[in-house]
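Here is the structure we will look at, set down as structure tokens.
Numbering of ligands and ligand atoms starts at 1, following listing order.
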Amino acid sequence: MLMALLPAFLLLAVALLTLTYNSTSKMVDESVHHQLQETHHRLQSRLDSYLNGLDNLLSTAAEQAVLAAIISSDDRQAARTQLQKTLDNSHGEYLDLLILTRQGQYWVNMNSPLYMLEHRLPSLIADTPFFNKWSSIELEPSPSPLTALIQRYPVLSPDSGQITGSLFGGLVLNDNLTLLSLLGQELENINVQLVLRGKPVGPPLINSDIPSDLFTQVLSSQRLQGQIQGHYFSLQPLLINGEQSELQLLLLTNDAMFQQLQQTYGYHTLLALLLVLSTALALSLYTLRLISSPLASLTLFAEQVSRGHSVSFQPDCIEEFNLLGTSLEQAEKSLRLHRLVLENMMEAVVIFDRAHHLIYVNHAYTKITGQSLDEIAGQTPYRTLHLESGDTSLQLPWQTVNATGFWQGEISGRIRNGSPSPLWLSITSLRDTDNEISHYVVVFSDISILKDTQQQLQRMAHYDPLTGLANRSLFNELLDHNLSRAARHDTSLTMLFIDLDKFKHINDSLGHAAGDELLKAAARRIQHHSRTEDILCRFGGDEFILVLTSPLSHQQAMCAAQRLVNAFSDKPFRIQGQYRYVSISIGLACYPEHGRDQETLMKNADTALYQAKEQGRNQVQIFDAGMNLQTQIQIKKTTELRIALEQGQMELHYQPQFCLRDGSLVGVEALVRWNKPGIGLVYPGDFIPLAETTGIIVPMGKWVLKEACHQLSAWRQAGFNNIRMAVNLSARQLRQPSLASDIAGILQQQEMNADMLELEITESMLMEDMNTAITTMSELNQLGIHLAIDDFGTGYSSLAYLKNFPVRRLKIDKSFVQDLTADTEDTAIISAIINLAHNMGIAVIAEGIENEAQLEYLRQLNCDEGQGYFLARPMPAADMDKLLQESCPLVEKDQ
Ligand SMILES: Nc1nc2c(ncn2[C@@H]2O[C@@H]3COP(=O)(O)O[C@H]4[C@@H](O)[C@H](n5cnc6c(=O)[nH]c(N)nc65)O[C@@H]4COP(=O)(O)O[C@H]3[C@H]2O)c(=O)[nH]1
């Protein structure tokens with residue numbers, strides 16, 4: 001790891017070195033130039049103070065009154081003496097030139113004897129301007145040039161104030177060693193040369209060993225600053241009189257300074273570099289140490305994940321590694337989940353590469369085909385998928401996948417024991433980053449069970465499961481189709497609405513299994529007497545509809561229907577080992593005379609059927625437009641009644657029953673009422689017969705029983721413990737095999753004692769089906785329920801049969817009671833009934849007591865109990881509550 005980092009470090013070091021070298025050179029350059037600049041400023045200020053000193057000296061000398069006086073007196077010697085004093089001054093020694101003029105003419109010359117300038121004096125005096133301004137004047141031209149800086153001061157007459165003369169002072173720049181040494185003092189590493197108009201003036205001041213022609217080279221290069229032969233130089237003008245003059249100062253560094261500077265910077269650079277490198281190394285080592293352990297555990301984790309091990313990531317101190325590890329863990333989990341999903345899918349998954357080579361199959365594939373990946377390795381897709389019609393069956397799907405990326409559909413395979421099975425197959429192509437197909441994913445499932453179920457469902461949706469005939473939905477479709485065809489071809493159709501007579505009776509008495517058996521047999525018999533092109537359906541319950549599709553006249557239709565009726569009535573059915581004759585009634589309606597659409601045709605056939613039933617069953621009735629309106633009304637009423645029961649429009653009223661001996665209230669009779677919306681109470685006489693014939697009485701009777709028991713239970717809870725509840729039972733209810741168990745359930749639900757319930761049944765009901773009645777009544781008796789014979793005297797009036805029934809009470813019909821006083825015959829009948837009943841241990845109750853006389857007679861005849869408007873009318877439960885709260889009403893009347 002460290003070795004891998006070494007080149008990186010070296011590269012870094014080289015980069016740093018280069019960077020440092022460049023910046024060092026730049027810094028050295030800048031530093032030297034800065035130093036040269038500073039030196040120049042220093043020398044400038046030295047020159048300034050040097051010239052200032054001379055200025056002061058000259059101005060003081062010129063302003064002296066004595067000098068003006070000497071000029072006035074024209075005393076040349078005195079002038080010399082006076083000027084000598086000036087030269088003797090401390091700055092005076094620097095003056096190379098000192099000249100006094102009188103009246104504009106050269107007068108006294110105190111110049112340095114070193115310079116022979118007498119021949120130049122007139123022009124010098126003429127060229128030097130006034131005053132207080134140093135001027136550089138070329139005294140001698142080449143080849144031995146001589147340049148001087150000269151200052152001219154006027155000498156004024158103290159009396160007149162007029163200029164009497166001029167004092168010239170100056171210094172020669174060439175060979176002016178005094179000036180050079182003054183300027184160059186304390187300059188160790190810098191060499192100095194004065195330059196005037198691009199040419200050296202006087203000798204250079206050289207502080208070290210440098211090539212002699214270096215100054216000349218600098219001047220000929222005509223550059224103001226830079227480097228030459230490793231020496232830095234700067235050429236800048238000097239300021240004289242505060243202005244830039246033609247006089248320049250050339251400064252040139254020597255080697256030592258440069259080397260020293262370079263050494264200093266180089267040393268610092270090296271130090272910095274070492275520091276950087278060692279810090280980088282230390283940091284690298286520290287980082288390596290810090291990351292090596294978490295990196296190792298991350299690598300180990302990644303290795304385990306790649307081997308498919310399920311491991312969890314342990315986070316460490318490096319957040320980035322933790323993030324990486326957690327992401328890897330998440331990715332592994334998600335991958336595992338996908339793998340699990342693939343392996344647990346119900347559908348087979350097969351993956352091929354782009355060259356159609358098999359690379360993966362899941363468990364479901366092995367389960368469906370019984371083959372593993374090893375067994376089918378190297379097989380073509382169609383063999384892998386066990387397709388029935390070979391390679392060609394995949395041609396189109398594969399082309400579609402290549403073009404659109406996806407295909408799905410049904411395809412025939414041979415995967416279950418080699419037998420053909422429908423497969424639902426989807427193929428998806430996967431593409432790589434270059435958008436080239438990389439894999440094909442094939443998912444398929446065996447849909448034979450689904451298809452079977454679908455067919456079964458379709459059958460169920462269209463056929464009656466019991467008889468196998470078409471159901472309503474299919475019938476509607478077929479009828480619609482045939483009606484359209486008949487309309488198109490202008491032909492006719494015949495609809496036979498068939499109903500088994502008294503089917504309910506068989507169903508109730510023999511049970512549902514027998515009922516089902518009969519329905520199947522009846523269906524077969526109708527089918528046997530119909531043609532294949534006819535439409536036959538089970539319309540519901542025991543109703544069938546047969547549509548004869550060949551055109552028939554009414555006469556022919558009636559004959560065909562009658563043949564069917566005869567086919568039933570002539571030959572019995574064998575049901576549960578017993579032979580039974582079951583007749584049918586048929587209502588007949590013809591297209592187009594009796595209706596052009598389904599609804600009308602069926603309604604009219606139904607009306608005709610109703611008529612056939614009304615007219616005694618076992619017959620055919622053809623619909624007649626003028627057919628009994630009553631039939632229509634009855635049908636409407638039946639519907640209303642059904643709805644009334646479903647919507648809770650029924651309610652119970654209760655009529656009290658009293659003991660005739662002590663007048664106590666001993667029981668109530670529950671009497672049903674129909675509280676018809678918008679009409680009010682409808683009495684049982686108006687709907688019980690209809691409920692009986694339509695069978696509605698069965699659910700209605702069940703509701704009455706439940707409601708009555710519920711009410712009695714409420715009264716008993718309110719403390720009225722000795723009241724009995726009498727409930728009317730219809731003949732149909734009595735034939736229900738489940739009657740006893742239904743009532744037992746109700747009693748249990750209401751936590752009621754069976755002996756508080758009394759069921760009233762009529763004589764005629766008992767006689768209708770004696771065997772069933774005896775069985776049911778015995779079952780009820782075993783439950784402890786009391787039975788009363790209602791309307792006694794109106795029917796057979798035979799007490800003999802009572803021996804066969806477990807009866808506890810006889811109810812003398814109100815028709816006997818009404819005429820009790822007038823008709824002595826009735827009195828005798830009632831008396832005989834009471835005596836005989838008492839002899840048999842049966843109690844007697846008289847109904848319809850409308851006056852006191854009737855009551856009195858009955859008492860005298862030893863009748864046990866009584867019920868009638870005179871005593872109390874039937875009333876809603878709430879009124880009955882109040883009555884129960886009061887004392888016995890009979891007692892009150894007696895009083
Ligand atoms: N003229 C006269 N009539 C009196 C007098 N006292 C009572 N009544 C009436 O006589 C009928 C007695 O009931 P029912 O003989 O069982 O005769 C009942 C019964 O056979 C049947 N019924 C009533 N409720 C039910 C029921 O829940 N189920 C069944 N299956 N039939 C019921 O309807 C029939 C008529 O019931 P309602 O109209 O309530 O008529 C009741 C009652 O109101 C009286 O002093 N004078």
For the residue pair Ala708 and Met725, what are the closest heavy atoms and their distance? O-CE, 3.3 Å
So do the side chains of [X] and [Y] get within less than 4.5 Å of each other, counting heavy atoms only?
X	Y	answer
Leu747	Ile785	yes
Arg735	Gln733	no
Arg716	Ile723	no

Do me a favour and list the nearest non-hydrogen protein atom to [atom] with residue, atom name and distance?
atom	answer
atom 24 (N) of ligand 1	Val672 N, 3.2 Å
atom 36 (O) of ligand 1	Pro684 CG, 3.5 Å
atom 29 (C) of ligand 1	Asn728 CB, 3.4 Å
atom 1 (N) of ligand 1	Glu850 OE2, 3.1 Å
atom 14 (P) of ligand 1	Asp790 OD2, 3.8 Å
atom 12 (C) of ligand 1	Glu847 OE1, 3.7 Å

Given Phe870, Phe687, Tyr869, identify the one with the heavy atom nearest to atom 3 (N) of ligand 1. Tyr869
Run the numbers for me: atoms of ligand 1, each under 4.0 Å from some heavy atom of [X], listed by number.
X	value
Ser730	30 (N)
Lys814	2 (C), 3 (N), 10 (O), 11 (C)
Asp791	15 (O)
Pro874	43 (O)
Val704	27 (O)
Ile849	45 (O)

Against ligand 1, does [X] come closer than 4.0 Å with any heavy atom?
X	value
Glu669	yes
Gly848	yes
Gln818	yes
His653	no

Derivation and outcome, salt bridge (charged side-chain N to carboxylate O under 4.0 Å, His left out), residues Arg859 and Glu856: CA-CA 5 Å; Arg859 265 183 177 157; Glu856 202 44 48; 3.6 Å; yes
N/O to N/O below 3.5 Å, does that happen between [X] and ligand 1?
X	value
Arg673	yes
Gln867	no
Tyr683	no
Lys811	no

Polar side chain donor-acceptor pair, Glu847 to Gln867, under 3.5 angstrom: no
Among side-chain atoms of Asn728 and Glu669, is any donor-acceptor pair under 3.5 angstrom? yes
Between [X] and [Y], does at least one N-O distance fall below 4.0 Å, as a salt bridge requires?
X	Y	answer
Glu760	Lys811	yes
Lys637	Glu640	no
Glu865	Arg809	yes
Arg661	Asp864	yes
Arg808	Glu758	yes

So, for atom 17 (O) of ligand 1, does the protein have a heavy atom nearer than 4.0 Å? no
Verify atom 40 (O) of ligand 1: protein non-hydrogen atom under 4.0 angstrom away: no
Near-ring test Phe568/Phe573, centroid separation under 6.0 angstrom: yes
At under 4.0 Å between heavy atoms, which part of Leu652 makes contact with ligand 1: side chain, backbone, both or neither? neither
Taking 4.0 Å as the limit for heavy-atom contacts, which would you say applies to Gln655 with ligand 1: side chain only, backbone only, both, or neither? side chain
State which residue, out of Asp464, Ile498, Ile584, fulfils the side chain to side chain contact (heavy atoms under 4.5 Å, CB included) condition with Phe544. Ile498
